[in-house]
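Here the structure comes first, spelled out in structure tokens, and everything after it is commentary.
Excluded from the calculations below are hydrogen atoms, water molecules and symmetry mates; all remaining heavy atoms, backbone and side chain alike, are included. Throughout, protein chains are lettered first and strands after them, A, B, ... in sequence-line order, and every chain is numbered starting at 1.
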2 protein chains.
Amino acid sequence: MSDTKTRILDAASNLFAEDGASALSVRAISKRAGLSTIGIYNHFQGKQGILDALYVEGFNMIAAAMRASHDAASPRQGIIDAITRYMTISTEQAGHFRLIFGQGDSSYTPSDAAKTVGAAAFDDFVYLVARALPKDCPRNKLREVALQIFATAHGYATLQHHETTELMRAPDWTALAINAITALLDAAMATDRPPHSGHKNR
Amino acid sequence: MSDTKTRILDAASNLFAEDGASALSVRAISKRAGLSTIGIYNHFQGKQGILDALYVEGFNMIAAAMRASHDAASPRQGIIDAITRYMTISTEQAGHFRLIFGQGDSSYTPSDAAKTVGAAAFDDFVYLVARALPKDCPRNKLREVALQIFATAHGYATLQHHETTELMRAPDWTALAINAITALLDAAMATDRPPHSGHKNR
DNA sequence: GCCACTTGATAACACTGTTATGGTCGTGTA
DNA sequence: TACACGACCATAACAGTGTTATCAAGTGGC
């Protein structure tokens, strides 16, 4: 990576860390880097390329959080720890989180390369979930349970920052998420029913 | 409401329905209304006021979906029906959904009046959940279970439109959401444990 | 050395939301 | 009736946005 490219990316990262995606005009970035705006087009093909780099950076953080670690007391606790880390990232890396989930810059569309990083992060999580489910669990169901756990946690991570829920007495969002995921894991472990049967009245 | 205000709002609503929030420049709205841009400032205090009107419109749709209806087979089925309707809205009214959850226009911040509409929609949902839980359930827990159900569903509604999950074989998001919420309702009905105990390893 | 490509500064372009300017109209008060 | 004031309107101007155009310099390959 050339010196200019590094200078631009460092400038963008610093501005992003200070004030989120709205601080990232091409003029602000190039001024911070001590260059003109043209370098953003030469090295990153424009502003979208800058945002792609930050998107990938954010997803790498999420992936690291969702990866199996060796110090969990059980595979199940490993999942709970991963979700706790995910909830922490949604707050501590709020700029990245908002960018990834569409709230940072409404004109940004991730490139195909950036998208594949997100998909790979999910694969890491599937592996973590696989260790907590029976060994004979079909691969389809594995991915589905992982998707459910992730989607569930994601709802809590997203809603905790939403202005309507900010009007409420502050709940402990991580605790609520863990509680919901615990219920989901219990249900997944307890039954062998097909995935869609939850759709019927019980 | 004056004729000018109506013309502007109709123009904005039509443009929004066609191409989402990105179609809503003040020049596009005023051109569609056959007026100059100044009316947007006189009648709506600027573009944020236009977006507020659409935000409130979207939240009113969500509120209607989440409200108790009299034709559910049981209170529990009433919740499941409401969540199903919520999932439907997230797709059929994608523009409104994206605007409400921060993805429509990253420069938009809802006014305090708009925010209270969202909070009121949640109150309707709490009432729906109350009918499915034991009558002696403390109000705190009621609100918390309602929040959990809503957050859980919200995760599915949001992730179904995200580009990383769009790379996957298309899951039935509504079925997955209902399945997760069923697990959550089972857990809420089965135990009287304090809300935070799910945080411990089991 | 010549040529093609890459890189960089600067200016220009088309677009954005907003404010400023000047004018008209309607309403209330003396 | 006359006047003052406020609301509303068209238009122009402003300051900002991402991007492209123009010109010049540097580099690498033949």
Problem set entry | Full working for side-chain contact (heavy atoms from CB on, under 4.5 Å) between B:Ile83 and B:Met66 | CA-CA 7 Å; B:Ile83 296 302; B:Met66 306 291 263; 4.2 Å; yes
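A centroid separation of 6.0 Å or more is found between the aromatic rings of A:Phe101 and B:Phe101. You'll find the ring centres of A:Phe16 and A:His96 inside the 6.0 Å limit.
Heavy atoms of A:Ser107 sit nowhere under 4.0 angstrom from any nucleic acid atom. A:Thr4 comes within contact range of the sugar-phosphate backbone alone, with a heavy-atom separation under 4.0 Å but no base atom that close.
Taking the salt bridge (charged side-chain N to carboxylate O under 4.0 Å, His left out) definition, one finds that B:Asp105 meets it with B:Lys47, sequence neighbours left out. For B:Asp124, the salt bridge (charged side-chain N to carboxylate O under 4.0 Å, His left out) partners are B:Arg67, not counting sequence neighbours. Scanning for salt bridge (charged side-chain N to carboxylate O under 4.0 Å, His left out) contacts around B:Arg32 gives B:Glu18, with sequence neighbours left out. Contacts of B:Ser13 classified as side-chain hydrogen bond (donor to acceptor under 3.5 Å, both in side chains), with partners at least two apart in sequence or in another chain: none.
Taking atom CZ of A:Arg7 as the reference point, atom P of C:dT7 lies 15 Å away to the nearest angstrom. The separation between B:Lys31 atom NZ and C:dT16 atom C1' is 16 Å, rounded to whole Å. For the pair B:Lys5 NZ and D:dC9 P, the interatomic distance rounds to 12 Å; values are reported in whole Å. Look at CD1 on A:Ile8: it is 14 Å from P on D:dG18, rounded to the nearest Å. Following rounding to the nearest Å, B:Ile38 (CD1) and D:dC8 (P) show an atom-to-atom distance of 11 Å. A:Asp105 places its CG atom 15 Å from the P atom of C:dT16, with the value rounded to the nearest Å.
Near DNA chain C, meaning a heavy atom under 4.0 Å away, the residues from residues 12-29 of chain B are B:Leu24, B:Ser25, B:Val26, B:Arg27. For the segment residues 39-51 of chain A, residues with any heavy atom less than 4.0 angstrom from an atom of DNA chain C are, sorted by number, A:Asn42, A:His43.
A close approach under 4.0 Å does not occur between any side-chain nitrogen or oxygen of A:Thr37 and OP1 or OP2 of C:dT10.
The closest side-chain heavy-atom distance from B:Val145 to B:Ile149 is below 4.5 Å.
Salt-bridge check for B:Asp10 with B:Lys5: failed, with every basic side-chain N at 4.0 Å or more from each acidic carboxylate O.
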